[in-house]
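A short write-up of the structure that comes next.
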There are 2 protein chains.
Amino acid sequence: MTLHDEGPVGADALDRVTWALRRAELAVTALKEQRLRSLGMAAAHYSLLIAVHVDPGLAGAELARRLNVTPQAVASLVARLEGRGQLERRPHPRHRHVQELHLTDAGRDALRKADSVIAEIEQQITEKLDTKSSSQLKALLDQVTDAIQQVQPADPLNRPVTLRKDGTPG
Amino acid sequence: MTLHDEGPVGADALDRVTWALRRAELAVTALKEQRLRSLGMAAAHYSLLIAVHVDPGLAGAELARRLNVTPQAVASLVARLEGRGQLERRPHPRHRHVQELHLTDAGRDALRKADSVIAEIEQQITEKLDTKSSSQLKALLDQVTDAIQQVQPADPLNRPVTLRKDGTPG
DNA sequence: TGCGTCATGTCAAACGTTTGATGGTTGGCC
DNA sequence: GGCCAACCATCAAACGTTTGACATGACGCA
């Protein structure tokens with residue numbers, strides 16, 4: 001027990017590593033979103049485009065797993081990106097009603113611009129920390145991720161955990 | 001320029017620190033949510049309760065700033081927690097239509113239980129990394145947060161950045 | 001060949017959040 | 001005292017996401 005009998009909860013609760021992690025991620029995400037905004041792209045769009053770029057021909061369901069969202073959310077994003085002409089859905093050669101996702105030229109162009117913005121942010125961060133600390137940070141973060149995955153393997157159905165109004169597990 | 005002229009985007013994009021950060025935070029959050037679920041509490045509820053516990057008498061708007069959400073979102077959460085009898089709204093002594101937020105005994109109890117779950121997760125992580133690496137990770141994360149805040153001070157109105165359908169900045 | 005299972009994609013509905021706008025209150029300043 | 005800006009809280013509406021359910025197609029096995 002690292003806990004306390006006096007107060008209900010130690011005041012050190014906001015000094016935890018997981019809080020520092022959350023704060024940092026929140027700050028980074030906010031900055032990305034802001035910078036990406038001038039390009040007319042949301043962070044979610046960028047994530048999707050780059051995932052498709054790295055693995056062309058990806059299916060929507062697989063994409064959903066990688067982005068940690070539901071297939072419907074992916075469908076929604078895909079529809080929008082397709083409407084903008086940045087993404088393309090092709091029939092899968094083998095499985096008939098599976099749809100392959102591919103970037104269009106416009107999509108590649110938008111991705112390139114967006115990525116340069118993201119890369120700039122990355123660089124600004126690795127600049128503040130020196131290169132050594134930066135790679136060390138990444139190594140530690142990966143360790144955390146691995147530790148979590150080890151304790152709790154990722155849900156293959158990728159079902160986000162929610163709750164009912166009354167607080168009983170849904 | 002750290003970039004490449006060949007491919008639209010380097011394949012090293014998923015090796016960035018900010019991606020490692022995101023993955024780690026996602027994993028931690030998912031685990032928290034899952035563990036908290038058996039207690040009938042969502043992570044957002046826990047965050048709100050602990051914030052009110054640390055600073056009793058907090059106003060909704062201030063709380064919204066700290067949690068990085070809109071006042072309406074806070075109001076929604078507060079209404080639910082108040083409905084469960086874990087949170088209490090009192091009139092502000094000075095400002096009339098400002099509402100002070102306070103924990104009830106039931107709220108303190110729920111918070112205590114929830115925090116032990118969170119503390120356990122924290123401990124599992126700091127166990128995998130040794131204590132030294134753990135405090136080092138926290139220090140690096142704080143550095144990242146500071147670096148971001150330095151580049152882009154937090155929006156005092158705390159307005160999340162969004163986008164219109166057509167991609168033009170909203 | 002026929003059956004059962006699994007995975008993908010899509011639809012309708014509910015939920016939570018953000019957005020935009022409004023009314024009410026406080027405090028500073030002329 | 002009176003005016004104006006800033007802040008808090010709240011309402012209605014729009015948006016995005018999750019949930020639950022369903023139909024379709026592919027594969028393994030008897």
Side-chain angles (χ1 to χ4, degrees), chain A residues 26 29-30 33-34 37 41-45 47-48 57-83 87 89-101 155-170, chain B residues 26 29-30 33-34 37 41-45 47-48 57-83 87 89-101 155-170:
Chain A
L26 227 51
T29 294
E33 205 91 40
Q34 178 188 341
R37 192 182 160 189
M41 185 178 295
H45 298 158
S47 300
L48 195 154
L58 222 48
E62 176 61 24
L63 199 45
R65 278 185 286 266
R66 301 200 186 182
L67 299 181
N68 271 289
V69 293
T70 56
Q72 284 80 356
V74 169
S76 172
L77 291 173
V78 165
R80 182 169 300 188
L81 291 171
E82 191 183 19
L87 204 60
R89 288 194 293 185
R90 305 186 198 158
H92 193 289
R94 191 163 183 76
H95 305 275
R96 186 158 319 180
H97 80 122
V98 174
Q99 315 241 1
E100 283 192 344
L101 296 176
D155 187 344
L157 270 108
N158 199 40
R159 174 174 29 197
V161 187
T162 54
L163 229 53
R164 275 196 286 221
K165 275 188 183 176
D166 54 9
T168 61
Chain B
L26 228 52
T29 294
E33 205 92 40
Q34 177 189 341
R37 191 182 161 190
M41 186 179 296
H45 298 158
S47 300
L48 195 154
L58 222 48
E62 176 62 24
L63 199 43
R65 277 186 287 266
R66 301 200 186 183
L67 299 181
N68 272 289
V69 292
T70 57
Q72 285 77 357
V74 168
S76 172
L77 291 173
V78 165
R80 182 169 300 188
L81 290 171
E82 191 182 18
L87 203 61
R89 289 195 291 185
R90 305 184 197 158
H92 192 288
R94 194 166 181 75
H95 305 274
R96 185 158 320 179
H97 79 120
V98 174
Q99 315 243 0
E100 284 191 345
L101 296 176
D155 186 345
L157 272 111
N158 198 40
R159 175 173 29 197
V161 186
T162 53
L163 227 54
R164 276 194 289 222
K165 274 189 182 176
D166 54 8
T168 62

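Quick note on labels: first sequence line is chain A, next is B, and so on, each numbered from 1.
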Indicate, with a heavy-atom threshold strictly under 4.0 Å, whether A:H95 touches base, sugar-phosphate, or nothing.
sugar-phosphate
Classify the nucleic acid contact of B:E62 as base, sugar-phosphate or nothing, counting any heavy atom under 4.0 Å across all strands shown.
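No contact.
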Any residue meeting side-chain contact (heavy atoms from CB on, under 4.5 Å) with [X], in chain and number order, not counting sequence neighbours:
{"X": "B:A59", "answer": "B:V98"}
{"X": "A:L58", "answer": "A:D55, A:E62, A:L63, A:R66"}
{"X": "A:S47", "answer": "A:L67"}
{"X": "B:H97", "answer": "none"}

Considering all heavy atoms of both residues, which atom of B:E100 and which atom of B:G57 are nearest to each other, and what is their separation?
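Heavy atoms of B:E100 and B:G57 come nearest at CG-O, 3.6 Å.
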Where is the tightest heavy-atom contact between A:A43 and A:E33, given as atom of each residue plus distance?
N-OE2, 3.1 Å
Side chain of [X] - closest among [options]:
{"X": "B:T70", "options": "C:dT8, C:dT18, D:dT19", "value": "C:dT18"}
{"X": "A:L77", "options": "C:dG20, C:dT8, D:dT17", "value": "D:dT17"}
{"X": "B:A61", "options": "D:dT17, D:dC8, C:dT25", "value": "D:dC8"}

Write down the distance between [atom1] ([X]) and [atom2] ([N]), rounded to a whole number of angstrom.
{"X": "B:Q99", "N": "D:dC8", "atom1": "CD", "atom2": "C1'", "answer": "10 Å"}
{"X": "A:R89", "N": "C:dT8", "atom1": "CZ", "atom2": "P", "answer": "16 Å"}
{"X": "B:L48", "N": "C:dG16", "atom1": "CG", "atom2": "P", "answer": "15 Å"}
{"X": "A:H92", "N": "D:dT24", "atom1": "NE2", "atom2": "C1'", "answer": "16 Å"}
{"X": "A:L67", "N": "D:dT18", "atom1": "CG", "atom2": "C1'", "answer": "16 Å"}
{"X": "B:Q72", "N": "D:dG16", "atom1": "CD", "atom2": "P", "answer": "18 Å"}
{"X": "B:R94", "N": "C:dG24", "atom1": "CZ", "atom2": "P", "answer": "22 Å"}
{"X": "B:E100", "N": "D:dC8", "atom1": "CD", "atom2": "P", "answer": "14 Å"}

Ignoring hydrogens and geometry beyond distance, is the side chain of A:H97 in donor-acceptor contact with the base of D:dT24 at under 3.5 Å?
yes
Nearest-nucleotide comparison on DNA chain D, the residue closer to the 5′ end among A:A73 and B:V98:
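Of the two residues, B:V98 wins.
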Mind checking what makes side chain to side chain donor-acceptor pair (under 3.5 Å) contact with A:R96, not counting sequence neighbours?
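With sequence neighbours excluded, A:R96 shows a side chain to side chain donor-acceptor pair (under 3.5 Å) to no residue whatsoever.
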Considering just the side-chain nitrogens and oxygens of A:R65, establish if one lies under 4.0 Å of OP1 or OP2 belonging to C:dT8.
yes
Presence of A:S76 side-chain N/O under 4.0 Å of D:dG16 phosphate oxygens OP1/OP2:
no
Quantify the bending of the helix from C:dT1-D:dA30 to C:dC30-D:dG1 as the angle between its end axes, each fitted on five pairs, to 10°.
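Here the helix ends are tilted 20° relative to one another.
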